[in-house]
Amino acid sequence: MNKKKANTIKWERDTRFCFQEKNGYECAGYYIFLYICPRFTSRVVDRLKEYKIAHRGLGEGVHTFEFVMDGSFFDCFDATKGTKGKVNARVNIVKSSLLMEVRMTIEGTVEAICDRCLEEMELPISGELNLYAKYGEREEGNDDDFIILAQDDDYLDLSEPLYEVYMLNYPLRVVHPEGECNEEMEHVLEELTMEEENDKIDPRWDELRKLINNN
């Protein structure tokens, strides 16, 4: 075996060894990623997990839970994506042998746009709602009052009921308290509204008014 061939074999052996070592590190990193990734993805996929209660372990009586509805909560629902603020929720669960009464109370503020002057404002939100949770099948006429749990449901998911309380108590018209609107913007909007109303007036009504006034 000449020297050139011997060096080639040594290079191939050293290269294969280095690759095996490198590949070992890569495999180790890969397995570490596989260990971490499921926990990471589960938190991303189930962002509302913290609003679930393991109800099977609750004894009979009253149990109190507290939650926070913030931007990460509101972003999980299409109608409130981008909402900023913080709404605190208190949930009292009264458990009996037959069902659970769920008493929900919310209070907090969110950022909103005033419908009158179009400026940002802090909108106070508060409200309460009582529901009942029980095992079984949906009964006609009781869908609004009951949370129906399947026999194999280990958790009571309160994310949608809490969101319902929030939406039911969000005002149809959002405005600043009297005297807190931007006066300049309010004046501009009033002028635009008056111009639009004048443009919509049918000129034939003006002629009719003239006839009435002459009589």
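- Minimum heavy-atom separation, T80 to F74: OG1-O, 2.9 Å.
- For L156 against H55, the heavy-atom pair with the smallest separation is N-CD2, 3.5 Å.
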Derivation and outcome, salt bridge (Lys or Arg N to Asp or Glu O under 4.0 Å), residues D154 and R56: CA-CA 6 Å; D154 294 324; R56 291 186 183 277; 2.8 Å; yes

Stepwise, does the side-chain contact (heavy atoms from CB on, under 4.5 Å) test hold for V91 with L162? CA-CA 9 Å; V91 179; L162 287 172; 4.1 Å; yes

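- Taking the charged nitrogens against the carboxylate oxygens, K95 and E60 have no contact shorter than 4.0 Å, which rules out a salt bridge.
- Using modelled atom types, no side-chain atom of N169 and backbone atom of I125 make a donor-acceptor pair closer than 3.5 Å.
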Passes side-chain contact (heavy atoms from CB on, under 4.5 Å), E111 versus E122? Steps please. CA-CA 5 Å; E111 294 183 11; E122 293 289 326; 3.7 Å; yes

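- A112 approaches V174 most closely through the heavy-atom pair CB-CG1, 4.0 Å.
- Smallest separation of non-hydrogen atoms from D75 and T83: OD1-N, 4.4 Å.
- Here ring pair (Phe, Tyr, Trp, His ring centres under 6.0 Å) pairs that include residues 109-133, with residues two or more places apart or in two chains, are Y132-F146.
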Give the C-alpha distance, both sets of side-chain angles, the deciding distance and a yes or no for side-chain contact (heavy atoms from CB on, under 4.5 Å) between N130 and E128. CA-CA 7 Å; N130 292 348; E128 57 184 33; 5.6 Å; no

Quick one: do L158 and K52 satisfy side-chain contact (heavy atoms from CB on, under 4.5 Å)? Show the steps, please. CA-CA 6 Å; L158 294 175; K52 295 181 179 180; over 6 Å; no

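- There is no side-chain donor-acceptor pair under 3.5 Å between N88 and E107.
- The hydrophobic clustering, which links ILVMFWY residues whose side-chain heavy atoms are closer than 4.5 Å, places V68 and L123 apart.
- In this structure, R116 and P177 approach most closely via the heavy-atom pair NH2-O, 4.3 Å.
- In this pair, F77 and Y163 present their aromatic rings parallel. The plane angle is below 30°, not in the 30 to 60° band.
- Side-chain atoms of D153 never come within 3.5 Å of backbone atoms of Y155 as a donor-acceptor pair (strictly under, hydrogens ignored).
- Note on V94 and M104: separate hydrophobic clusters, where clusters join Ile, Leu, Val, Met, Phe, Trp and Tyr whose side-chain heavy atoms are under 4.5 Å apart, directly or indirectly.
- Here the straight-line distance linking atom NZ of K134 with atom OG of S96 works out to 11.5 Å at 0.5 Å rounding.
- Tracing side-chain contacts under 4.5 Å through hydrophobic residues (I, L, V, M, F, W, Y), one reaches M167 starting from V110; they form part of the same cluster.
- In the hydrophobic clustering of this structure, M121 does not group with V175; members are Ile, Leu, Val, Met, Phe, Trp, Tyr whose side-chain heavy atoms approach within less than 4.5 Å, directly or through other members.
- Salt bridge annotation for D70-K86: absent, with no cationic side-chain nitrogen under 4.0 angstrom from a carboxylate oxygen.
- The pair E101-R103 meets the salt-bridge criterion, since a charged nitrogen lies less than 4.0 angstrom from a carboxylate oxygen.
- With hydrogens and angles disregarded, no donor-acceptor distance shorter than 3.5 Å links the side chain of R90 to the backbone of F67.
- V102 and V62 fall into different hydrophobic clusters, where Ile, Leu, Val, Met, Phe, Trp and Tyr are joined by side-chain heavy atoms under 4.5 Å apart, directly or via other members.
- F73 and S159 make their closest contact through CZ-O, 3.6 Å (heavy atoms, listed as atom of the first residue, atom of the second, distance).
- More than 12 heavy-atom neighbours from other residues, nucleotides or ligands sit within 6.0 angstrom of CD on E119.
- With values rounded to the nearest 0.5 angstrom, C117 atom SG is found 10.0 Å from E180 atom CD.
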